[in-house]
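Have a look at the structure below, then the notes.
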Amino acid sequence: MIDQTVFEQKKVAFYTLGCKLNFSETSNVARQMQEAGFQKVSYHQVADVYVINTCSVTDLSDKKCRNAIKRAIRQNPNAFVVVTGCYAQLKPGEIANIEGVDLILGSNEKTDLLQHLDSLEKNGKPRIVAGEILKDKVFKPSFSSGDRTRSFLKIQDGCDYFCSYCTIPLARGTSRSDTVANTVEQARQAALLGAKEIILTGVNIGDFGRKNGESFFELIQALETVDGVERYRISSIEPNLLTDEIIDFVASSRKFMPHFHIPIQSGCNEVLKLMKRKYNRELFASRVNHIKTVIPHAFIGVDVIVGVNGETEAYFQETLDFLTDIEASQLHVFTYSQRPNTQALKIEGKVPIRERQRRSHLLLELSEQKRLGFYKQQLGLEAPVLFESTNYEGMMHGFTNNYIKVEVPFNSKLVNTIQTVVMKSFTLDKQAIHAEVKAQI
C-alpha cells in the first residue's frame, strides 16, 4: 500500500454497467476513494484513474464492458485503468489482453480497491486479483449516495440456485448476507446522507438471513422503524420467496411502496424445468393475484427470457398467452444469450438468433400495451411523488409510490421532497406522465 497523500487531487472517474447492485458497490468505492483524497469527476472527463464496474449477463454486456474500457483509454492513454465486477471475475484473461488496462479485480475484491492500489504508474502489464468466488463466504455491505435522492442498499450477494442459463453464482459466489442489525445500521447511514428512498438490492434478496437464522421478513419489519427513510422499494425477488406474509406487510406498511419486481423468466412450466427454476407458473400467478387483491394499484414488473435452448414455438406461445392474461404492469424482456460454463449449453433445441429476436419483439409489444394500460388507469388520480434533481429541458422527474414516472416543470424547491401531484396526461413516445403539483412550495 502506498502513502495515500499520493492520491490527493488525483481525479477518478467511474463507469457502471448492469444491475442496481453494481451501482450500490460503485458508489461505495467512490466514497472510499474520495475520503482518501481523490476528486471524483465525470466519466466523460479526463481523469487520472478510471474504474469500470462490469456486468456479464449477456454477450452484449461483455461487448459494452470492452467498449467502456477502450473509451477510458482513448480519453487518457496515461490514466490508470481498473476493471472490476462480474466480467472481470469470469474473464480476467480476456480483459488483460486489452492494452492499457492496469488492474483487474474480481467481484469480491472491488470493495477493497484502495488496498490494491500499490501504485498509479502504468507498467504495461495488468495485475489480476480475483479470488475463488465460490469459496468466499464474506458479505461486504454497500449503499449508493450522492448521485440521486434514492439509495441502492445492498442487503445480499451471490446465489445458491444455479439456474441452467445463468453465470451469476460463478461471478458472485454463493448466497450470503449480513445480520438484520447491521443492515438496519447501513440504512441509517444512507438516511444521514440524505436518502429519502432506499431500494433493497442483491442477487437473490429473498434469501436474506437464511444462513444467519434470520429472514427477509424480519429485515423489512426492522427497516420500517428507521427514522429519516420515508420510502423503501423491494427490488427483484424470486416468486418462491415472495410470501403472502411479505405482500400483506407491504399492503399495510407506511414505508414499503406498492411496487414489486418479480422474475418469471418463462410462462411455460416445461421451460421453467429446463431453466431449473424453483417454482411453476401457477405459483407465480398466485403471487400476482394476491398482490392485486390486497394492493390493487400496485406496480408489478416481470422479468422474462426468450429463446432459451429447448424453447419451442409452442412453449413460447404458452409464455405469450400466460403473460397476456397476467396483471403485470410492465415486462422486462431479455433475449437469451449463451454463456460459457452453464448447463443450458447441454440442452438440445437451439433457437436461431432471428427467432429469438422475433419473440423478444412480440413480448416488448405486449409490455408496452400493459404499461400504457397501467398509465391510463392513473390519469386523474393523486399520488405522492419523490422528486429528483436533474433538470432536463426545463422539466424534472420523480416517481409515485407505485412507480409511475411523472414530470413537472423544474422547481429547485421540489428536489428531494415528496409532493402530492395530480396525474394529467401522457404521450405514447414518453415514459413519463405529465403531472401537476397540488401545492407549490
Side-chain angles (χ1 to χ4, degrees), residues 14 16 19-35 40 111 139-157 177-202 205-206 208-209 212 214-237 246 249-261 299 383-390 396-403 405-406 411-421 441:
F14 298 86
T16 305
C19 61
K20 295 172 183 176
L21 184 53
N22 268 7
F23 281 92
S24 168
E25 292 169 333
T26 298
S27 184
N28 215 60
V29 172
R31 282 199 305 276
Q32 293 173 11
M33 295 187 75
Q34 286 173 289
E35 289 168 3
K40 183 181 175 183
T111 53
F139 175 78
K140 297 183 178 180
S142 65
F143 63 86
S144 65
S145 65
D147 297 330
R148 55 183 75 194
T149 59
R150 295 177 289 156
S151 174
F152 299 124
L153 173 63
K154 175 183 173 181
I155 67 166
Q156 183 272 343
D157 202 351
S177 56
D178 211 330
T179 63
V180 168
N182 288 345
T183 306
V184 167
E185 181 56 32
Q186 288 282 302
R188 288 197 180 100
Q189 292 301 316
L192 289 174
L193 291 175
K196 292 284 184 69
E197 178 174 302
I198 289 178
I199 298 96
L200 307 183
T201 66
I205 65 172
F208 174 91
N212 301 333
E214 296 180 319
S215 70
F216 181 73
F217 183 61
E218 290 174 297
L219 174 65
I220 62 177
Q221 288 177 300
L223 288 172
E224 180 89 0
T225 68
V226 176
D227 292 333
V229 182
E230 299 191 36
R231 291 178 159 191
Y232 291 100
R233 293 189 193 275
I234 299 172
S235 65
S236 182
I237 183 169
I246 293 171
F249 177 82
V250 173
S252 62
S253 171
R254 294 180 298 109
K255 295 187 177 184
F256 278 82
M257 297 296 97
H259 172 203
F260 295 87
H261 188 140
F299 181 99
V385 172
L386 174 60
F387 284 102
E388 298 183 352
S389 60
T390 303
M396 66 191 307
H397 296 91
F399 287 89
T400 65
N401 55 348
N402 61 341
Y403 207 57
K405 186 177 183 180
V406 303
N411 179 349
S412 61
K413 294 180 179 179
L414 298 178
V415 173
N416 206 22
T417 69
I418 296 176
Q419 303 293 325
T420 300
V421 306
I441 61 172

What are the two closest heavy atoms between Ile198 and Ala190, and how far apart are they?
CD1-CB, 4.0 Å

Ser177 side chain vs Gly209 backbone, donor-acceptor pair below 3.5 Å
yes

To the nearest 0.5 Å, what is the distance between CZ on Phe152 and CG on Leu21?
10.5 Å

For a quick test of reading the model, state the closest non-hydrogen atom pair linking Val415 to Ser389 and the distance between them.
CG1-CB, 3.7 Å

How would you list, by chain and number, every residue that makes a ring-ring contact (aromatic ring centres under 6.0 Å, His included) with His261, sequence neighbours excluded?
His332

Hey, what's the ring geometry for Tyr232 with Phe256, parallel, tilted or perpendicular (30° and 60° as the breaks)?
parallel

When you measure from the side chain of Ser27 to the backbone of Ser145, do you find a donor-acceptor pair of N or O atoms at a distance under 3.5 Å?
yes

Distance, nearest 0.5 Å, that separates CE of Met257 from CD of Glu230:
9.0 Å

Could you walk me through whether Met33 and Phe14 pass the side-chain contact (heavy atoms from CB on, under 4.5 Å) test, one step at a time?
CA-CA 11 Å; Met33 295 187 75; Phe14 298 86; 3.7 Å; yes

Side chain to side chain, Ile155 and Thr201, heavy atoms closer than 4.5 Å:
no

Hey, what do you get for CG (Leu223) to CD1 (Ile234), rounding to the nearest 0.5 Å?
9.5 Å

Just by modelled atom types, is the Gly194 backbone N or O under 3.5 Å from a matching donor or acceptor in the Asn416 side chain?
yes

Ignoring hydrogens and angles, tell me if any N or O in the side chain of Ser253 forms a donor-acceptor pair with the backbone of Phe249 under 3.5 Å.
no

Just so I know, are the side chains of Phe208 and Leu200 near enough to count as touching, which here means a heavy-atom distance under 4.5 Å?
no

Side chains of Ile246 and Ile220: does their closest heavy-atom pair fall under 4.5 Å?
yes

Looking at CZ of Arg31 and NZ of Lys40, how far apart are the two atoms once the value is rounded to the nearest 0.5 Å?
9.5 Å

Taking all atoms of both residues into account, what is the closest heavy-atom pair of Val180 and Ala222, and its distance?
CG1-CB, 3.7 Å

Residue pair Lys140 / Asp157, side-chain heavy-atom distance below 4.5 Å:
no

Residues two or more places apart in sequence or in another chain: which of them pass side-chain contact (heavy atoms from CB on, under 4.5 Å) with Ser142?
Ser24, Glu25, Asn28, Lys154

Under 3.5 Å, is there a donor-acceptor pair linking the side chains of Glu214 and Thr179?
no

Is any side-chain heavy atom of Glu224 closer than 4.5 Å to a side-chain heavy atom of Arg254?
yes

Residues passing the side-chain hydrogen bond (donor to acceptor under 3.5 Å, both in side chains) test with Thr420, sequence neighbours excluded, are none

For a side-chain contact (heavy atoms from CB on, under 4.5 Å) check, start with the C-alpha distance between Gln156 and Phe216, then their side-chain angles and the critical distance, and finish with the verdict.
CA-CA 10 Å; Gln156 183 272 343; Phe216 181 73; over 6 Å; no

How far does CZ of Phe139 sit from CG of Asn182, to the nearest 0.5 angstrom?
9.5 Å

Kindly say whether Val229 contributes a backbone atom to a donor-acceptor pair with the side chain of Arg188 at under 3.5 angstrom?
no

Heavy atoms of Ser236 and Ile205 approach each other most closely as O-CG1, 3.5 Å

Hey, does Glu388 have a side-chain heavy atom less than 4.5 Å from the side chain of His397?
no

Are side-chain N/O atoms of Thr417 and Gln419 paired as donor and acceptor at under 3.5 Å?
yes

Report the relative orientation of the aromatic rings in His259 and Tyr403; use parallel for angles under 30°, tilted for 30 to 60°, perpendicular for over 60°.
parallel

Provide the closest heavy-atom pair for Thr111 versus Gln32 in the form atom of the first, atom of the second, distance.
O-OE1, 3.0 Å

Enter the distance from Arg233:CZ to Lys20:NZ here, rounded to the nearest 0.5 Å.
8.5 Å

If you define the side chain from C-beta out and look only at heavy atoms, does anything of Pro141 sit under 4.5 Å from Glu185?
no

Which heavy-atom pair separates Met396 from Asn411 by the least distance, and what is that distance?
SD-N, 3.3 Å

Begin from the C-alpha positions of Phe143 and Ser151 and carry the test side-chain contact (heavy atoms from CB on, under 4.5 Å) through to its verdict.
CA-CA 6 Å; Phe143 63 86; Ser151 174; 3.8 Å; yes

